[in-house]
Amino acid sequence: MTDKIEHLIQYALKVLLIEPEVPISIERSRRPDHGHFTSNIAMLLAKPLRRAPMTIAEEIVKNMGKIPESIEKIEIKNPGFINFFIAPKIYQTVVSDVLIKQQDFGRSELGKGAKALVEFVSANPTGPLTVGHGRQAVLGDSVARILEWNGYQVDREYYYNDAGRQMRILGQSAYIRYRQLLGYDDQLTDEHYQGEYIIDIARSIQEKYGDRFNNQPDHEIFRNTAEEAVFADIRNTLKVLGIVFNSFYNEQSLYDDGLIDDVLKRFKAYGATYEKDGAIWFRAGDFGAADDRVLWKSVVDEATYRLPDIAYHETKIKRGYDLIVDIFGADHHATYPDVIAGLKALGYNTDSIRVLIHQFVTLTRSGEKVKMSTRKANYVTLSELIDEVGKDVVRYFFIMRGMKSHLNFDLALAKTEGDENPVFYLQYAHARICSILRNAEVKGFKNDSRGDLNLLREEETLALLGILGEFEEICILCGKTMEPQTLTTYLQKLAATFHKFYTVHRVITKDKELSRARLDLVRAVKIVMSNGLSLLGINAPERM
RNA sequence: GCCCCCAUAGCUCAGUGGAUAGAGCGCCAGCCUCCGGAGCUGGAAGCACAGGUUCAAGUCCUGUUGGGGGUACCA
């Protein structure tokens, strides 16, 4: 539709011998009395042409040539908007479009089959996933789903660090708990992981091997058993949320494959490093980052996390991904410029990398803030949260706010079942439609019989048709911005418009023709709602 | 000190530079002879502050204030 309108405007501009320096923008009107689409072209041209926008608008409208039937009316409104009113006939075709495409309605070819890698969660296996990880998990998975929907070939990847200090401490924590089980009075320090799960891990070692590893604090069994147990728990939690990764990439393999040495060697060869105080520094400042950074420590003979991070990202490029999406929490926002700088130093173009930074989750319980720290173990785990409120509510809560906003997760509110939870509003709309359709079947309406869509013309009905028509562009918008929250806002609007329609108009009436048309309409709403929810990984229930 | 994010209704949040800023919760007043009242209708109530850019600013820029996160040879 916007194509047609743009064509009309372009035609008029040609007649008027105006060459616009600005792109012609056509938007959906926000208010019904401003038509369905609107253009501000006259106002944009006012300055270069040095003429009043109203006059320009009038001339454009006068010179559009033949107006297609699909456009019912064109109005000019102060201070120079050109408003287009679309014929109901055009609006009504959305319904048949949805019914034909079914579960594919809304897909786009934005990505043109390009390979995309979405890296998210990437929590080190030192403890159960926290509520904070949950936000990232849901965000990342939703972004991945949206990209797939828009024609990308998407892989989900989890990167974890199994080579550094944190894992050593994890092993030590397990050892100390093991010693305690053996009856010694070893104590954990603040540095260690305090969680109950460490005791379980220690117990499993003790049950299997007794005191065989006593006095062997550095034995790999502690670290390995802990890592394995924690990872099994993490995978399980993610699975419950409906999140499945294509690959888990571990830091150790970068060392094993010699990639760390290789990157460092090239850095040195390119003169991107220097030595200072016995450490090896990267001239990150020369490649767009704020400050130079240490790559190789002097106090211990090992790399800082930046070096493997850079090597890891190089593999993403080498593995042939056209789009690389990194999802980080706000606490990591300072690290990605170093990675970008590192890749630039290695000679790569980094335009294909999109870094999405999400803000923190503030967890409140009975009005009190709960600080989340894996080490202190005074947190609510993601898994506990899912158990209490269900997967759909968890997913919805994490995605219903923009990623740049701090997310206030009120446990008390989330735990209450019922109408406080906005996700039910969407699911209810879907279930309600299913109920109508069941009812229709009982009354003898066939599932595949189509009605005369021309009968769909009341105010509330046209509003619903309009919302349905927006779905495709919303999907594309989400694909570009990678902000799934736009979709939740849309689905809320869709549900609201449907509920309003429902209260005003009966779907199944004595008028068979009208009933058939309205059944088509609600079937279309059901499909769009279901497609939208599936992009967020949320169920669309038939009954509630 | 420096860097990043945020500030919209009593609370939690929407709002692709456009024309009268929207929801939910809470509060007040209504709507079931009829497809699911987990719904619908109406009411009170708001863009932190000060400049600037623009025909047009909640939206962009600068500053101020307030909150969160960074700024490590932890990740």
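By convention in this document, chain letters (A, B, ...) are assigned in the order of the sequence lines, proteins followed by strands, and residues within each chain are numbered from 1.
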- Message: Please determine whether side chain to side chain donor-acceptor pair (under 3.5 Å) holds for the pair A:S515 and A:T509, giving the CA-CA distance in whole Å, both sets of side-chain angles, and the decisive distance to 0.1 Å.
- Response: CA-CA 6 Å; A:S515 301; A:T509 65; 3.2 Å; yes
- Message: Using a 4.0 Å heavy-atom cut-off, does A:A279 contact any base of the nucleic acid, only the sugar-phosphate backbone, or nothing at all?
- Response: base
- Whole-Å distance separating the OH atom of A:Y160 from the P atom of B:A75: 17 Å
- Query: Base, sugar-phosphate, or nothing for A:L44, non-hydrogen atoms under 4.0 angstrom?
  - Reply: base
- Query: Within the modelled atom types, does a donor on one side and an acceptor on the other bring the side chain of A:T38 and the base of B:A19 under 3.5 Å apart?
  - Reply: yes
- Rounded to the nearest 0.5 Å, how far apart are CZ of A:F471 and CD1 of A:I476? 10.5 Å
- Message: Does B:G18 have OP1 or OP2 under 4.0 Å away from a side-chain N or O of A:R30?
- Response: yes
- Message: Applying the 5.5 Å / 30° rule, does A:H34 stack onto the base of B:A19?
- Response: yes
- May I ask you to say what A:S298 touches in the nucleic acid, namely base, sugar-phosphate or nothing, with a heavy-atom cut-off under 4.0 Å? base
- Message: Which label fits A:Y160 and A:Y158: parallel for a plane angle under 30°, tilted from 30 to 60°, or perpendicular past 60°?
- Response: perpendicular
- Query: Within the structure shown, what part of the strands sits under 4.0 Å from A:D277 by heavy-atom distance: base, sugar-phosphate, or nothing?
  - Reply: base
- Message: At 4.0 Å (heavy atoms only), tell me whether A:A431 reaches a base, stays on the sugar-phosphate, or touches nothing.
- Response: base
- Query: How long is the span from the CG atom in A:L465 to the CD atom in A:E460, to the nearest 0.5 Å?
  - Reply: 11.5 Å
- Task: Looking only at side-chain atoms of A:M43, point me to the closest of B:G36, B:G69, B:C55.
- Result: B:C55
- Note on the structure: A:E27 has its side chain closest, among B:G18, B:A72, B:A14, to B:G18
- Message: Measure CD/A:Q136 against P/B:A75 and give the value in whole Å, please.
- Response: 18 Å
- Message: Counting only side-chain nitrogens and oxygens, does A:T335 get under 4.0 Å of the OP1 or OP2 atom of B:A72?
- Response: no
- What is the pairing partner of B:C13, taking Watson-Crick or G-U wobble pairs with both distances under 3.5 Å in any strand? B:G22
- Nucleotide paired to B:C49 in any strand shown, Watson-Crick or G-U, under 3.5 Å: B:G63
- Message: Need one value for A:D33: base, sugar-phosphate or nothing, where a base atom within 4.0 Å counts as base even if backbone is also close, heavy atoms only.
- Response: base
- Task: Establish, yes or no, whether a centroid distance under 6.0 Å links the rings of A:F245 and A:F120.
- Result: yes
- Query: Quick one: is B:U41 close enough that its OP1 or OP2 comes under 4.0 Å of any side-chain N or O from A:K500?
  - Reply: yes
- Message: Nearest whole Å is fine: how far is B:C35 C1' from A:I433 CD1?
- Response: 12 Å
- For B:C27, does the O4'-C1'-N9-C4 (purine) or O4'-C1'-N1-C2 (pyrimidine) torsion place it in syn, i.e. within 90° of 0, or in anti? anti
- Item | Separation of B:G39 C1' from A:I436 CD1 (nearest whole Å) | 12 Å
- Query: Would you say the side chain of A:N83 and the base of B:A19 hold a donor-acceptor pair, judged only by whether the two atoms sit under 3.5 Å apart?
  - Reply: yes
- What do you reckon, are the aromatic ring centroids of A:F398 and A:F409 less than 6.0 Å apart? yes
- Message: Suppose we define a pair by two distances each less than 3.5 Å, Watson-Crick or G-U wobble; what does B:G1 pair with here?
- Response: B:U71
- Task: Return yes if the base of B:A38 and the side-chain atoms of A:Y428 contain a donor-acceptor N/O pair under 3.5 Å, otherwise no.
- Result: no
- Item | Length of the line joining A:I41:CD1 and B:C55:P, which is rounded to integer Å | 15 Å
- Quote, to the nearest angstrom, the P distance that separates B:A75 from B:U65. 35 Å
- With heavy atoms under 4.0 Å as the rule, sort A:E542 into base, sugar-phosphate or nothing. base
- Query: Of all the nucleotides listed (B:U20, B:G39, B:G36), which has the minimum atom distance to the side chain of A:H499?
  - Reply: B:G39
- Task: Looking at every strand, decide which applies to A:D338 at a 4.0 Å heavy-atom threshold: base, sugar-phosphate, or nothing.
- Result: nothing
- Note on the structure: In whole angstroms, the gap separating P of B:C74 from CD of A:Q166 amounts to 12 Å
- Message: Mind checking if A:H430 touches a base, just sugar-phosphate, or nothing, with heavy atoms under 4.0 Å?
- Response: nothing
- Using atom P of each nucleotide, how far apart are B:C61 and B:A21 to the nearest Å? 24 Å
- Query: Out of B:G67, B:U20, B:C35, which has the shortest distance to the side chain of A:V507?
  - Reply: B:C35
- Query: Hey, which of these two, A:W281 or A:K77, hits RNA chain B nearer its 5' end, going by closest nucleotide?
  - Reply: A:K77
- Message: So A:N40, base contact, sugar-phosphate only, or nothing? Heavy-atom distance under 4.0 Å.
- Response: base
- Contact class for A:G402 (heavy atom, under 4.0 Å): base, sugar-phosphate, or nothing? sugar-phosphate
- Let me know the distance between NZ of A:K297 and P of B:C74, rounded to the nearest Å. 4 Å
- Query: Which part of the nucleic acid does A:K47 contact within heavy-atom distance under 4.0 Å: base, sugar-phosphate only, or nothing?
  - Reply: sugar-phosphate
- Given B:C40, B:A75, B:G18, the nucleotide with the shortest approach to the side chain of A:Y425: B:C40
- Given B:G69, B:G37, B:C5, which nucleotide is nearest the side-chain atoms of A:Q359? B:C5
- Query: To the nearest angstrom, how far is A:D331 atom CG from B:C4 atom P?
  - Reply: 17 Å
- Message: What contact category does A:Q485 fall into here, base, sugar-phosphate, or nothing, at under 4.0 angstrom with non-hydrogen atoms?
- Response: sugar-phosphate
- Message: Heavy-atom nearest nucleotide on RNA chain B for A:G278 versus A:A496: which residue maps closer to 5'?
- Response: A:A496
- Message: Applying a 4.0 Å non-hydrogen cut-off, can you work out what A:S435 is touching in the nucleic acid: base, sugar-phosphate, or nothing?
- Response: base
- Message: Tell me if the aromatic rings of A:F328 and A:H358 count as close, with their centers under 6.0 Å from one another.
- Response: no
- Message: I need the A:L264 CG to A:L259 CG distance, nearest 0.5 Å.
- Response: 12.5 Å
- Out of B:G18, B:U41, B:C4, which has the shortest distance to the side chain of A:H333? B:C4
